[in-house]
Every structure is written in structure tokens, then in C-alpha cells.
Amino acid sequence: LGLAEGDSFAALAAGSVLVGSGGAFVMLASLPTAFVVPKSWRPMVVSSNNCMFDASSVVFLGVYALYAHLGMSRRTVFVGFACVCAALHLALVVAWRQGPGEQ
């Protein structure tokens, strides 16, 4: 989406499919993190994952606000979005490497 030239519908459609399917995969990958935390925290972790997935639809409004009102380019907005996603995935890797027995 950030690298598309002009207002190409093909780039918008392809980018939206990738962002949407990537979000679903992130949710599925993050649900097992409930088994990394102590047993008493598991319901909170699963509920938080579900709530954040439902609230993720607001991300597009935030991206549009950065693009339209702050004058940031699409490339800058989506590169920043990719960096945040990469940081979250690294946090998931760290959580899994820690393991449930080492808390």
C-alpha cells in the first residue's frame, strides 16, 4: 500500500488482502501465548488478544489520520506500521523463548 503508484485499485485490493490475512495470522499466532503466562492470567491474556483483534479495525482510521492530517506519506506510514508489527512479533518470540516454567 505504501509503495503503490497513484490511486491504483489493484494495489489497494492486494494490500488490503495482505493486511487482513496477516492480522488473522497474528491473532492465531498470539493466542497460544496464554500458555506462557501463569495459569491465573490465562483468561486475561486470551480476552486481551480477542479485544485487541476486534479493536484492530481502528488501525485504518489511524493510518488515514496520519496520512491526511499530519501530511505523512503513505510510504512513511506503512513502513512505521511494518516496524511496529515486527516489534510485536519479536515480543512474541521472546515470550515463547522464556517458556512457562521460567517465570
Side-chain angles (χ1 to χ4, degrees):
L1 287 172
L3 300 175
E5 298 293 328
D7 295 329
S8 171
F9 178 74
L12 176 66
S16 296
V17 167
L18 290 173
V19 168
S21 60
F25 289 133
V26 168
M27 180 187 167
L28 292 174
S30 64
L31 282 176
T33 57
F35 299 102
V36 178
V37 298
K39 194 172 190 172
S40 62
W41 286 41
R42 287 181 187 168
M44 183 195 66
V45 170
V46 172
S47 297
S48 297
N49 281 339
N50 288 326
C51 289
M52 285 187 260
F53 182 75
D54 289 341
S56 68
S57 61
V58 179
V59 168
F60 292 106
L61 181 61
V63 167
Y64 178 73
L66 291 172
Y67 173 70
H69 301 296
L70 296 180
M72 297 176 78
S73 69
R74 286 189 299 185
R75 182 182 189 126
T76 302
V77 170
F78 282 105
V79 167
F81 184 67
C83 290
V84 169
C85 290
L88 289 174
H89 280 86
L90 285 173
L92 282 171
V93 169
V94 168
W96 273 109
R97 288 190 54 94
Q98 182 180 7
E102 301 172 16
Q103 296 177 8

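Values below: all heavy atoms of this structure, side chains included; hydrogens, waters and symmetry mates excluded. For reference, positions follow the sequence shown, starting with 1.
Scanning both residues, Met72 and Tyr67, for their nearest heavy atoms gives O-CD1, 3.4 Å. Heavy-atom minimum distance, Thr76 versus Ser73: OG1-OG, 2.8 Å.
Under the 4.5 Å side-chain heavy-atom criterion for grouping Ile, Leu, Val, Met, Phe, Trp and Tyr, Leu61 is not connected to Leu66 through any hydrophobic cluster.
One finds the CG atom of Asn49 at 11.0 Å from the CG atom of Asp54 (value rounded to the nearest 0.5 Å).
Under the 30°/60° scheme for interplanar angles, the aromatic rings of Phe81 and Phe78 are found to stand perpendicular.
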